[in-house]
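Keep in mind that this is a model prediction, so the values were computed, not measured.
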Amino acid sequence: MPDPAADHATTPSWGLARVRGDSMRPALRPGDVLLVRYGGTVRPGAVVVARFADGTLAVKRAAEARSTRTGGPGWWLLSDDPERGVDSRHRGPVPAADVTGVARLRLWPRPGRVPH
């Protein structure tokens, strides 16, 4: 997956993300490959790729727009399975600039739309 923090002039508009872990079950399973639109418009319910403050890239669901601790724009991101994974319940809102892409399609192993 391309580095979403790279200069936007050289960052591809589309890329791939692989789901790891069980936090997005039942909608997504470990190993699912997603087509991601970098810089896409985030809406509540969308599955997104985000970078947490420690640098970890994660696939999560955008629950709602919220302000960060510094008052900047951000997103409250959640796992679909609340018993698994790390999300905004543990780390707080993610700055909007760190929500780098929106998943558009699942390419493999079950091609189709990303469940909302």
Side chain to side chain, [X] and [Y], heavy atoms closer than 4.5 Å:
X	Y	answer
Leu28	Val47	yes
Tyr38	Ser13	no
Ser23	Asp80	no
Trp14	Val36	no
Pro111	Arg106	no

Do other residues, nucleotides or ligands put more than 12 heavy atoms under 6.0 Å from the CZ atom of Arg110? yes

Over 12 foreign heavy atoms within 6.0 Å of CZ, Arg43: no

Quick one: do [X] and [Y] make a salt bridge, cutoff under 4.0 Å?
X	Y	value
Arg91	Asp54	yes
Asp22	Arg25	yes
Arg18	Asp32	no
Asp98	Arg51	no

Does Lys60 reach the main-chain N or O of Met24 with its side chain, forming a donor-acceptor pair under 3.5 Å? no

Nearest-0.5 Å distance, [atom1] of residue [X] to [atom2] of residue [Y]:
X	Y	atom1	atom2	result
Arg66	Trp75	CZ	CH2	11.5 Å
Arg61	Ser88	CZ	OG	13.5 Å
Arg37	Thr100	CZ	OG1	12.5 Å

Looking only at the side chains, is there a donor atom on one of Asp81 and Ser79 sitting less than 3.5 Å from an acceptor on the other? no

